[in-house]
Protein chains: 2
Amino acid sequence: MSQNDEHDPTKERLLDQAEALFAQKGYDAVSVREITTAARCNLAAVNYHFGSKENLYVEVFRARWAPRAMRVQESFRDSLAAQDEASPTTVARALAEAFLIGPLSDEERYRHHQLIVRELGQPTEAFKLVADEVMRPFFRQLADMLRPTLPKGLDKEGLMLNILSMFAIVLHFNFARAAVTRMTGREYDEAFKARLVEHITEFSLNGLGGHQQEVPR
Amino acid sequence: MSQNDEHDPTKERLLDQAEALFAQKGYDAVSVREITTAARCNLAAVNYHFGSKENLYVEVFRARWAPRAMRVQESFRDSLAAQDEASPTTVARALAEAFLIGPLSDEERYRHHQLIVRELGQPTEAFKLVADEVMRPFFRQLADMLRPTLPKGLDKEGLMLNILSMFAIVLHFNFARAAVTRMTGREYDEAFKARLVEHITEFSLNGLGGHQQEVPR
DNA sequence: ATATGTTTCAAACGTTTGTATCAAACGATC
DNA sequence: GATCGTTTGATACAAACGTTTGAAACATAT
């Protein structure tokens with residue numbers, strides 16, 4: 001058996017090309033023929049390896065998206081561990097850096113956020129996996145980090161709303177590149193991404209209570 | 001001729017049903033047959049009235065989405081005019097209210113944001129209309145309102161980033177309802193929407209420089 | 001009533017869709 | 001080298017797709 005053989009080139013190529021196409025066009029705009037042509041394999045390969053087009057889509061999230069999300073989270077924790085302590089400022093900056101610069105190539109970042117935003121707006125079978133095994137654990141970590149630094153008045157729900165809002169911004173600046181470029185006139189080069197990290201860090205502070213440290217008087 | 005007859009029921013029903021379905025499922029997941037069945041008319045009606053499915057999609061934005069966006073903007077200006085002056089706080093609150101409570105029904109709000117977020121991530125022919133005739137003029141208005149209250153250090157680009165970030169949050173809380181409900185455990189009833197308005201108002205202040213007024217010491 | 005322009009309708013067009021089939025090729029084990 | 005399970009390949013299939021067609025139905029004006 002080649003069950004343990006992790007080097008099934010056809011299966012891997014299918015996952016790669018399927019992810020790229022699903023991210024770029026959305027599930028329904030991509031045909032099985034398009035995927036198999038891009039992966040340089042036979043049309044029947046999708047149904048042989050994954051049973052159906054829909055299974056392939058879910059498997060893209062399990063085998064590609066979720067592991068990559070984990071890499072981003074590790075990058076976040078690493079850059080945060082380099083700081084003295086987890087203040088709202090350092091958390092916000094580490095988050096922005098992980099998701100805007102981080103360990104991903106530009107192409108990977110693009111795929112990653114196209115896929116997740118599509119899922120957020122129109123949850124499918126894959127969303128259970130995303131929510132339960134990626135989002136919720138990470139949000140819990142973030143909440144635990146931030147709780148000790150909370151201003152007195154911020155309850156659990158308020159903290160979650162702040163975390164969601166930070167993600168909203170991070171997702172938006174990765175997802176809506178075309179619109180952002182159109183409105184700002186700036187391409188997503190290194191300079192602009194660095195600018196965005198600064199912006200997101202600053203913008204997030206009030207909600208997270210960080211302004212009390214930033215604006216002493 | 002009935003060119004001037006604005007009560008073409010078939011054409012209007014097609015626009016209504018097409019918008020609902022495009023918002024719910026996305027362009028490619030909706031078939032012309034599905035639209036015409038929902039609009040209780042013949043299959044050929046789409047091609048007769050709009051020439052093609054793609055034209056119908058663009059026309060949904062021109063005849064439905066853009067006018068609705070104008071209503072939301074008016075609602076924003078009205079609730080802002082009721083204030084003494086346009087401080088970052090009042091602008092942020094008026095924006096959140098217009099887009100989360102505002103003049104739209106829940107169903108309209110859902111359609112509206114599903115459609116625009118799909119366009120933001122994957123711009124089509126309709127995006128030109130959205131960007132040039134809706135977004136840019138409104139952003140310009142916002143910028144003009146906020147400029148007099150700017151903290152000294154904030155340049156034009158920084159202001160645009162702050163406006164984009166506010167919109168990112170507003171869009172997200174309308175677009176990703178399923179995920180937000182899953183993470184917070186709260187349904188989108190009136191109480192929660194009021195809570196979100198408070199949250200968005202607070203969260204946006206730092207970027208807009210409002211914390212200097214909110215936190216005097 | 002007749003003629004005219006507009007809208008609706010059922011039916012069919014040629015493609016493309018996701019999936020199924022089955023023989024050929026492959027790779028490991030005996 | 002024959003035999004096995006596994007993978008690939010060309011081909012076929014019914015269903016669904018967007019669009020076209022031409023006749024019927026309609027409204028309006030002469």
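Hydrogens, waters and symmetry mates are skipped; everything else that's a heavy atom, side chains included, is used. Note that the structure is predicted; figures quoted are calculated from it, not measured. Every chain is numbered from 1, with letters handed out A, B, ... down the list of sequences.
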**Q** Atom NE2 of A:H49 to atom P of C:dG18: distance rounded to whole Å?
**A**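 Going from NE2 in A:H49 over to P in C:dG18 covers 18 Å.
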**Q** Would you call the rings of B:Y57 and B:F22 parallel, tilted or perpendicular, taking 30° and 60° as the class edges?
**A**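 Rings of B:Y57 and B:F22: perpendicular, as their planes differ by over 60°.
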**Q** Does the side chain of A:S52 get closer than 4.0 angstrom to OP1 or OP2 of C:dG18 through an N or O atom?
**A**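 Checking C:dG18 against A:S52, no side-chain N or O comes under 4.0 Å of OP1 or OP2.
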**Q** Give a yes or no on whether the ring-centroid distance for B:F175 and B:Y110 is below 6.0 angstrom.
**A**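 No - the distance between ring centres of B:F175 and B:Y110 does not fall below the 6.0 Å cut-off.
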**Q** Could you give the CD-to-P distance, from B:E12 to C:dT8, as a whole number of Å?
**A**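 Checked: the CD to P distance equals 12 Å.
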**Q** Could you state the atom-to-atom distance from OH of B:Y48 to P of C:dG5 in whole Å?
**A**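 Interatomic distance, OH of B:Y48 to P of C:dG5: 13 Å.
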**Q** Do A:N47 side-chain and C:dA20 base share a donor-acceptor contact under 3.5 Å?
**A**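 By the distance-only test, no, there is no pair.
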**Q** Give me the atom names and distance for the closest heavy-atom approach of A:S204 to A:A92.
**A**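 Nearest heavy atoms, A:S204 then A:A92: CB-CB, 4.1 Å.
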**Q** Starting at atom CG of A:N42, determine the distance to atom C1' of C:dA24, rounded to an integer number of angstrom.
**A**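 It works out to 12 Å between those atoms.
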**Q** Give the rounded distance in Å between these two atoms: CG of A:L43 and P of D:dA12.
**A**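 Interatomic distance, CG of A:L43 to P of D:dA12: 13 Å.
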**Q** Base, sugar-phosphate or nothing for A:A44? Non-hydrogen atoms, less than 4.0 Å.
**A**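 Base, at least one base heavy atom under 4.0 Å.
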**Q** Nearest heavy atom decides the nucleotide; on that basis, is A:E34 or A:G51 closer to the 5' end of DNA chain C?
**A**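 Comparing both residues, the 5'-ward one is A:E34.
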**Q** Regarding A:R64 and A:E19, does a basic nitrogen lie under 4.0 Å from an acidic carboxylate oxygen?
**A**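 Salt bridge: no.
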